[in-house]
Amino acid sequence: MKPPCRHPSLHTSNAKNPPSSSSLLDDFTRHCYERDLPRAMKALHLMQRHQLWADSITYSELIKCCLARNAVGEAKQVHEHVFSNGYEPKTFLVNVFMNMYVRFGMLKVAEKLFDQMPERNVVSWTTMISAYASAKLRDKALEYLILMLRDGVRPNMFTYSSVLRACDDLWKLKQLHCIIMKVGLESDVFVRSALIDSYSKGGDLQGALVVFNEMVTKDFVVWNSIIGAFAQNSEGDEALNLYKNMKRAGFFADQSTLTSVLRACTALALLELGRQVHVHVLKYDRDLILNNALLDMYCKCGSLEDATLIFGRMGERDVISWSTMIAGLAQNGRSREAMDLFEQMKLSGMTPNYITMVGVLFACSHAGLVEEGWNYFQSMKEDFGINPGREHYGCMIDLLGRAGKLDEALNLVKEMDCEPDAVTWRALLGASRVHRNVELAQYAAEQILKLDPQDAGTYTLLSNIYANNQRWDDVREIRRSMKVKGVTKEPGCSWIEVDKKIHAFILGDESHPQIDEIYRHLNELVLRLVAMGYVPDTNFVLQDLEGEQREDSLRHHSEKLAVVYGIMSLPREKPIMIRKNLRICGDCHIFAKLVAKMEGRRIIIRDPIRYHHFENGECSCGDYW
DNA sequence: TTAGGGTTAG
């Protein structure tokens, strides 16, 4: 935009030739449009002295300039000038100031302006609603929508897309959606993407998809919304499908798309696809969020080498970068390095947050460092003001449990500030299993089943504990109880990426095109392992079958099939990376250790909780999981 | 003058 007209500038005037009112205002206008903040401010002070005011549009240009330069002090001076000596700015200009204060994070000042406004239009209301939505003051945002309607002001698409961000409750969201349809604003792309996002945040992916599919003209943000929706709700497959469709529709991936795609790769443990995405990330190498997602992808896909490289090269790191790397090292069994990195983080001046401490305690738990764990746990609040939450207690229970201090672990559960949940009790159940404390296991399992009566994993774990202790009657009782309650054990499933394709193996499913070859290979492998002294550990079979039949059931666990397929299909130098839906059983754990040694391969199995790096007959988990 | 999409644990 060009200034309306030009006059000699202020700095050419002197005492003998004082500037005229019009030239003063013109100069001010010019400096504002030229975004020359120092000269505009100088002119403003002269105007103040001469009791002159410019037009609203010019002030709004100056405010834009203050916002761009984060010049809060100057912005306040403009505010004082505009509101001085009884001058009453128009609604338009007050809106501009309100928006300015919101952007500067000064919500209270914006509120005060809003309250004192003689007249409020749709922009005034929307500015406040948007501010409350951003500040997560959701009730306030919704309350203002009602107040606005009561005031007789009609909300527009800006208002609805703002208020939607404040709606995290599906019931309220659906009501709002109805109103939006009724007033005919559903076709607006901003409203649509806000709707998609709200449905996604409420966990209703189908709702999000319906809104998406109804759109005739989709823009790239809407594509990003729907891809993000699926990626964030652990539906990586569908997120990647949508990404393919987005490209087919002629759209290019930007930072947001790539972040979601990386998240999908991370969830599915697709290292090779993740690497391909990495190539596209290179052009946005200064994007912190994207780099953090990349870092996480490498950590969770088992490539700590790549993660370390990325972390080292990052020009900017925030608390998420540090936390991701610390947790990544810890989850992959490199506890000492995780703790060293935490020390480095503190030295760098970065303050850890709640999640950082989960990673640190997880590292201690993994390495069995009881004393260090207690120290970190107790100093969290003191040093960083972080109150320990369930996740931190969970790590400590794990840590104490691993060290065989089951009584201390139980005491800690009782001392928790927050109510223990199923995850807490599961940590205790896991520890009881390792240390074969049947009574405590039974107690922990009861607590879990009170909170989550359909939890098949707990029945299985308890059944395994009974099986370990040859309590076959109890094993049978569990099976009966599961049948009565209609609890079905989710079949074990393992996935492996070969040639950029995902191959799934499910216990008992023989649909893989090479299944005969895989079984043949597996049988040969087992024979060679048996010759080396491998005895299948039949304690991990849920069914109380006998003899050879029990071994067969174990032999076909999905991760074994995936390991064999990996050996058959992947070059020797590539690690065999497998993702599992259930926790790995003891027999598969021994099997993977021995195969890694015998075949000279690196095998990584990621279960829902832990990562197992098998190399040279050892596992990074230290045989505790 | 007001609006939409992306990252760490569990």
Side-chain angles (χ1 to χ4, degrees), chain A residues 56-57 59-61 63-64 89-100 102-103 120-131 133-134 155-165 185 188-198 200 219-229 231-232 239 253-264 266 284 287-297 299-300 317-328 330-331 352-362 389-395 421-424 426-427 608-609:
Chain A
S56 299
I57 304 278
Y59 287 123
S60 82
E61 289 298 314
I63 297 303
K64 278 185 204 162
K90 290 179 185 163
T91 304
F92 163 83
L93 192 52
V94 184
N95 289 341
V96 171
F97 278 107
M98 270 166 45
N99 181 43
M100 176 194 84
V102 169
R103 291 195 190 194
R120 300 177 188 109
N121 62 16
V122 59
V123 179
S124 328
W125 285 100
T126 303
T127 302
M128 289 317 294
I129 289 171
S130 171
S134 304
N156 61 15
M157 55 273 257
F158 289 77
T159 323
Y160 285 116
S161 55
S162 301
V163 82
L164 279 168
R165 279 191 292 134
L185 287 173
D188 181 77
V189 274
F190 283 75
V191 173
R192 288 256 187 193
S193 58
L195 276 168
I196 291 171
D197 200 46
S198 300
S200 154
D219 73 354
F220 75 104
V221 176
V222 181
W223 276 104
N224 284 344
S225 303
I226 196 74
I227 294 170
Q232 285 156 41
D254 72 349
Q255 294 99 308
S256 171
T257 331
L258 293 174
T259 306
S260 296
V261 171
L262 279 172
R263 187 166 171 161
T266 307
Y284 304 112
D287 190 303
L288 182 58
I289 297 178
L290 188 48
N291 272 314
N292 285 343
L294 188 66
L295 188 65
D296 193 41
M297 184 276 292
C299 285
K300 294 221 173 68
R317 293 173 194 146
D318 63 0
V319 65
I320 297 182
S321 328
W322 287 94
S323 306
T324 304
M325 195 67 224
I326 291 169
Q331 284 161 336
N353 66 11
Y354 187 97
I355 298 172
T356 321
M357 294 315 297
V358 176
V360 173
L361 292 177
F362 189 88
R390 284 198 187 98
E391 293 84 355
H392 305 108
Y393 280 105
C395 289
D421 65 355
V423 180
T424 317
R426 253 179 231 126
I609 312 280

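Everything numeric in this text was worked out from a predicted model, so none of it was measured. Chain naming here is simple, since letters A, B, ... match the order of the sequence lines and numbering starts at 1 in each.
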Next on the checklist: From the set B:dG6, B:dT1, B:dA9, return the single nucleotide nearest to any side-chain atom of A:Asn121.
Outcome noted: B:dT1
Checklist entry - Picking from B:dA9, B:dT8, B:dG6, which would you name as closest to the side chain of A:Val358? => result B:dA9
Item to check | Closest non-hydrogen atom pair, A:Ile129 against A:Ser162 | outcome: CG2-CB, 4.1 Å
Next on the checklist: Expressed as a whole number of angstroms, how long is the span from A:Ile63:CD1 to B:dT2:C1'?
Outcome noted: 16 Å
Item to check | Interatomic distance, A:Ile326 CD1 vs B:dG10 P [rounded to whole Å] | outcome: 14 Å
Next on the checklist: By the 4.0 Å heavy-atom rule, please label A:Asn156 as base, sugar-phosphate, or nothing.
Outcome noted: base
Item to check | Given B:dT7, B:dT1, B:dG4, the nucleotide with the shortest approach to the side chain of A:Arg263 | outcome: B:dT7
Next on the checklist: From CD1 of A:Ile289 over to C1' of B:dG6, roughly how many Å is that when rounded to an integer?
Outcome noted: 6 Å
Item to check | Heavy-atom donor-acceptor pair, A:Asp219 side-chain to B:dG4 base, under 3.5 Å | outcome: yes
Checklist entry - Between the side-chain atoms of A:Ser193 and the base atoms of B:dG4, is any donor-acceptor pair under 3.5 Å? => result yes
Checklist entry - Which part of the nucleic acid does A:Val222 contact within heavy-atom distance under 4.0 Å: base, sugar-phosphate only, or nothing? => result base
Next on the checklist: Rounding to an integer number of Å, can you tell me how far A:Gln232 CD sits from B:dA9 P?
Outcome noted: 13 Å
Next on the checklist: Can you see if the side chain of A:Arg192 gets near the phosphate of B:dA3 - specifically, an N or O under 4.0 Å from OP1 or OP2?
Outcome noted: no
Checklist entry - A:Leu288 CG to B:dT7 P: how many Å, rounded? => result 13 Å
Checklist entry - Taking the side chain of A:Asp188 as heavy atoms from C-beta outward, which of B:dG10, B:dA3, B:dG6 is closest to it? => result B:dA3
Checklist entry - Among B:dA9, B:dT2, B:dG4, which is the nearest nucleotide to the side chain of A:Lys300? => result B:dA9
Checklist entry - Does the A:Asp296 side chain pair with the main chain of A:Asn292, one donor and one acceptor, at a distance under 3.5 Å? => result no
Next on the checklist: Side chain of A:Ile355, heavy atoms from C-beta onward: which of B:dG6, B:dA9, B:dT2 has the nearest atom to it?
Outcome noted: B:dA9
Next on the checklist: Under 4.0 Å, counting only non-hydrogen atoms across every strand here, what does A:Val221 touch: a base, just sugar-phosphate, or nothing?
Outcome noted: base
Checklist entry - What nucleic acid atoms does A:Tyr160 come within less than 4.0 Å of, heavy atoms only: base, sugar-phosphate, or nothing? => result nothing
Checklist entry - So, does the side chain of A:Thr126 form a donor-acceptor pair with the base of B:dT2 at under 3.5 Å? => result yes
Checklist entry - Using a cut-off of 4.0 Å on non-hydrogen atoms, how would the nucleic acid contact of A:Ile196 be classed: base, sugar-phosphate, or nothing? => result nothing
Item to check | Sugar-phosphate, base or nothing in reach of A:Thr324, heavy atoms under 4.0 Å | outcome: sugar-phosphate
Checklist entry - Quick one: does A:Asp287 reach the base of B:dG6 with a side-chain donor-acceptor pair under 3.5 Å? => result yes
Checklist entry - Between B:dT2, B:dA9, B:dT8, which nucleotide gets closest to the side-chain atoms of A:Phe158? => result B:dT2
Item to check | Side-chain donor or acceptor of A:Ser198 paired with backbone N/O of A:Leu164 under 3.5 Å | outcome: yes
Item to check | Ring-base stacking, A:Phe92 with B:dT1 (5.5 Å, 30° cut-offs) | outcome: no
Next on the checklist: Looking at A:Ile57, is its backbone amide N or carbonyl O close enough to the side chain of A:Ser60 to form a donor-acceptor pair, meaning the two atoms are under 3.5 Å apart?
Outcome noted: yes
Checklist entry - Run the side chain to side chain donor-acceptor pair (under 3.5 Å) check on A:Thr159 and A:Asn156 step by step: do they pass? => result CA-CA 5 Å; A:Thr159 323; A:Asn156 61 15; 2.9 Å; yes
Checklist entry - Of the candidate nucleotides B:dT1, B:dG4, B:dT8, which contains the atom at the shortest distance from the side chain of A:Arg165? => result B:dG4
Item to check | Nearest-angstrom distance from the residue atom NE2 of A:His392 to P of B:dT8 | outcome: 16 Å
Checklist outcome for this item: Quick note, A:Asn95 side chain, CB onward, closest among B:dG4, B:dG6, B:dT1 is B:dT1
Next on the checklist: Base, sugar-phosphate or nothing for A:Phe220? Non-hydrogen atoms, less than 4.0 Å.
Outcome noted: base
Item to check | Out of B:dG4, B:dT1, B:dA9, whichever nucleotide has its closest atom nearest the side chain of A:Gln331 | outcome: B:dA9
Checklist entry - Which part of the nucleic acid does A:Val189 contact within heavy-atom distance under 4.0 Å: base, sugar-phosphate only, or nothing? => result base
Item to check | Whole-Å distance separating the CH2 atom of A:Trp322 from the P atom of B:dA9 | outcome: 18 Å
Item to check | Atom-pair distance (CG on A:Asp197; P on B:dG4), nearest Å | outcome: 10 Å
Checklist entry - When all nucleic acid strands are considered with a 4.0 Å heavy-atom cut-off, which category describes A:Arg317: base, sugar-phosphate, or nothing? => result nothing
Item to check | Which atom of A:Arg317 lies closest to which atom of A:Leu288, heavy atoms considered | outcome: CA-CD1, 4.1 Å
Checklist entry - Do side-chain atoms of A:Ser134 reach the backbone of A:Ser130 as a donor and acceptor pair under 3.5 angstrom? => result yes
